[in-house]
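Structure first, then comments.
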Amino acid sequence: MSSTLVGPILRWYDDNARDLPWRRPEASAWSVMVSEFMLQQTPVRRVLPVHAAWLERWPTPSALADEPAGEAVRAWGRLGYPRRALRLHAAATTIRDHHDDTVPDDYATLRTLPGVGDYTAAAIATFAYGRRQVVLDTNVRRVLGRTVAGVEFPARSVTKAERELAAGLLPTDPPTAAAWSVSVMELGALICTADRPRCEACPVRTSCAWLAAGKPSYQGPPRPVQDYAGTDRQCRGRLLAVLRDAPGSVSLDQLDAAWDEPVQRARALASLLADGLIVRADDRYALP
DNA sequence: TATTCGTGGGC
DNA sequence: TGCCCAAGAAT
C-alpha cells in the first residue's frame with residue numbers, strides 16, 4: 001500500500017514544492033520553529049511577511065527573549081490568536097535559559113515548550129533536524145483520509161487508527177521520512193484541498209480510495225460553525241488592536257471606544273488581562 | 001472531549 | 001453576500 005502512495009508523492013513534491021523561507025537549506029531551526037507557531041491556523045500567504053520581519057529582528061531565541069513579551073505581541077500584528085506570540089516568547093525564554101539558546105532537536109523536549117503541541121513538536125524535529133516523527137496535521141489527515149480511508153474529511157480529533165496508519169506509512173530512514181512528511185503536507189495544501197480538490201492533477205489519483213468511490217460527500221457529524229462577528233474573540237481583537245497601534249499605554253476610555261457593548265467589553269478586557277496579553281498599571285493599560 | 005482563541009481571503 | 005477554512009494548543 002505504501003509504495004502506491006509514497007513514491008509518487010515524493011516525486012510530485014520534487015517538481016511542485018513551494019520555495020518557502022523556512023524550507024531553504026540555510027534556514028535555522030529557529031526559523032522553522034517561528035514558522036510553525038505562525039502557521040498554526042494561519043495561511044502561508046499571511047505568514048510570509050511577518051516571518052521575514054521577525055527573523056530579521058530576532059535571528060535567535062535569545063534575541064526575542066531579551067525583549068519584553070509585548071514586543072512579540074506587537075510584531076505579531078494581525079496574524080490572529082495572539083497568545084501564540086506570548087507562547088513563542090515564553091518558549092524562546094526557556095530555550096535561552098535552559099537549552100543554550102538552541103532549539104531542542106527531540107520531540108520530548110520540544111513538547112515541554114509552551115505553545116508546542118504534538119504537531120508542532122513533530123514538525124520542528126522533522127523539518128529542522130530531519131528526525132523521524134509522525135507528522136499529523138490537518139493536511140496529512142485529509143490526504144490519508146481520502147486516499148486510504150476513502151472519506152472526504154477525517155474525524156474531529158485524531159483517532160488511534162489514523163495515527164497507526166500514518167506510522168505505518170512513514171518511511172524507515174529518517175531523511176526519507178522527513179521528505180515524505182513535508183510532501184504529504186504540501187499535497188494537501190496545493191492539490192488535495194478541503195474544498196475543490198484538484199484530483200486531475202493528483203499524483204495518486206489512480207490509487208485514491210475516495211476518488212475511486214466517486215468522491216462521496218462527508219457523512220460525519222456537522223462541524224461547528226466558527227462565527228466571529230459579535231463574539232468575544234472579535235472584541236478581544238479590537239481591544240488588542242488599540243494597544244498594538246498605540247506607542248505606549250492607553251486609557252480605559254480609549255479601550256471603551258473600540259467596542260460598544262459594555263458587558264462584553266469588560267469580559268474581553270478581563271480575559272486579555274488574565275491571558276497576560278494586556279497589563280494594567282494604575283488606570284492605564286499597555287502591552288506586557 | 002468539547003470549547004475557546006483572530007483574521008482575512010476565496011467563492 | 002455569507003460561509004468555510006487555514007502547518008493547533010490549552011484547558
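None of the values given here were measured: they were computed from a predicted structure. So that the names make sense, note that chain A is the first sequence line, chain B the second, and so on, each numbered from 1.
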- Query: Heavy-atom contacts under 4.0 Å between residues 237-252 of chain A and DNA chain B, which residues?
  - Reply: A/G237, A/R244

With a 4.0 Å cut-off on N to O distance, would you call [X] and [Y] a salt bridge?
| X | Y | result |
| --- | --- | --- |
| A/E36 | A/R84 | no |
| A/E152 | A/R142 | no |
| A/D118 | A/R163 | yes |

- A/W58 ring center near A/W30 ring center (under 6.0 Å):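 Not close enough - the centres of the two rings lie 6.0 Å or further apart.
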
What is the distance, rounded to the nearest whole Å, between atom [atom1] of [X] and atom [atom2] of [N]?
| X | N | atom1 | atom2 | result |
| --- | --- | --- | --- | --- |
| A/R233 | C/dC5 | CZ | P | 14 Å |
| A/E36 | C/dA7 | CD | C1' | 5 Å |
| A/L79 | C/dA7 | CG | P | 15 Å |
| A/K160 | B/dT1 | NZ | P | 13 Å |
| A/D232 | B/dT7 | CG | C1' | 16 Å |

- Have a look at A/A194 and say if it touches a base, only the backbone sugar-phosphate, or nothing, with a 4.0 Å heavy-atom cut-off. sugar-phosphate

- Please write out which residues are connected to A/Y107 in a hydrophobic cluster, directly or through intermediates, given that two of Ile, Leu, Val, Met, Phe, Trp, Tyr count as joined at side-chain heavy-atom separations below 4.5 angstrom.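 So far as hydrophobic clustering goes, A/Y107 is joined with none.
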
- Item | Remaining members of hydrophobic cluster (4.5 Å side-chain criterion), A/F153 |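 A/Y218, listed by chain and number.
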
Below 3.5 Å between N/O atoms, which protein atoms pair up with nucleotides 8-11 of chain C? Just atom names and distances, please.
from	atom 1	to	atom 2	distance (Å)
C/dG8	OP2	A/Q41	N	3.1
C/dG8	OP2	A/Q41	NE2	3.2
C/dG8	O3'	A/T120	OG1	3.4
C/dA9	OP1	A/G117	N	2.9
C/dA9	OP1	A/T120	N	2.9
C/dA9	OP1	A/T120	OG1	2.6
C/dA9	OP2	A/Y119	N	3.4
C/dA10	OP1	A/G115	N	2.6

- What are the residues of residues 261-272 of chain A, sorted by number, that bring a heavy atom to within less than 4.0 Å of DNA chain C?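 Under 4.0 Å from DNA chain C: no residue of residues 261-272 of chain A.
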
- Item | Interface with DNA chain C, restricted to residues 16-34 of chain A and to heavy atoms under 4.0 Å | A/R18, A/L20, A/W22, A/R23

- Query: Does the A/D105 side chain pair with the main chain of A/Y129, one donor and one acceptor, at a distance under 3.5 Å?
  - Reply: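 Answer holds: no.
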
Throw together a table of side-chain donor-acceptor distances under 3.5 angstrom for residues 281-288 of chain A, partners on residues two or more places apart or in other chains.
from	atom 1	to	atom 2	distance (Å)
A/R284	NE	A/S249	OG	3.1
A/R284	NH2	A/S249	O	2.8
A/R284	NH2	A/S249	OG	3.4

- Item | OP1 or OP2 of B/dG6 under 4.0 Å from side-chain N/O of A/R236 |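 So the side chain of A/R236 is within the cut-off, an N or O lying under 4.0 Å from OP1 or OP2 of B/dG6.
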
- Query: What residues, two or more places apart in sequence or in another chain, satisfy side-chain hydrogen bond (donor to acceptor under 3.5 Å, both in side chains) together with A/T109?
  - Reply: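 Here the qualifying residues are A/D106.
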
- Task: Please state the P separation for the pair B/dG6 and C/dT11 - nearest whole angstrom.
- Result: 14 Å

- With P as the reference atom in both, quote the distance from C/dA7 to B/dC5 in angstrom, rounded to an integer.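 Pairwise P distance, C/dA7 against B/dC5, rounds to 22 Å.
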
Protein-nucleic acid N or O pairs under 3.5 Å, nucleotides 8-11 of chain B:
from	atom 1	to	atom 2	distance (Å)
B/dG8	OP1	A/R78	NE	2.4
B/dG8	OP2	A/R78	NH2	3.3

- So CD of A/E162 and OG1 of A/T159: to nearest 0.5 Å the spacing works out to 4.0 Å

For residues 165-174 of chain A, please give each side-chain donor-acceptor pair under 3.5 Å, one per line with the distance, not counting sequence neighbours.
from	atom 1	to	atom 2	distance (Å)
A/D173	OD1	A/T176	OG1	2.6
A/D173	OD2	A/T176	N	3.4
A/D173	OD2	A/T176	OG1	3.1

- Side chains of A/R198 and A/T193: is there a donor and an acceptor less than 3.5 Å apart? no

- Task: Please report the shortest heavy-atom distance between A/R111 and A/V116, naming the atom on each side.
- Result: NH1-O, 3.1 Å

- Task: Kindly write out the residues that satisfy side chain to side chain contact (heavy atoms under 4.5 Å, CB included) with A/A52, not counting sequence neighbours, or none if the list is empty.
- Result: none

- Message: Can you tell me if A/R280 has over 12 outside heavy atoms packed within less than 6.0 Å of its CZ?
- Response: no

- All pairs passing salt bridge (Lys or Arg N to Asp or Glu O under 4.0 Å) where residues 200-220 of chain A contributes a residue, at least two apart: none

- Taking for each residue the nucleotide of DNA chain B bearing the nearest heavy atom, is the 5' side occupied by A/R156 or by A/T231?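 This one resolves to A/R156.
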
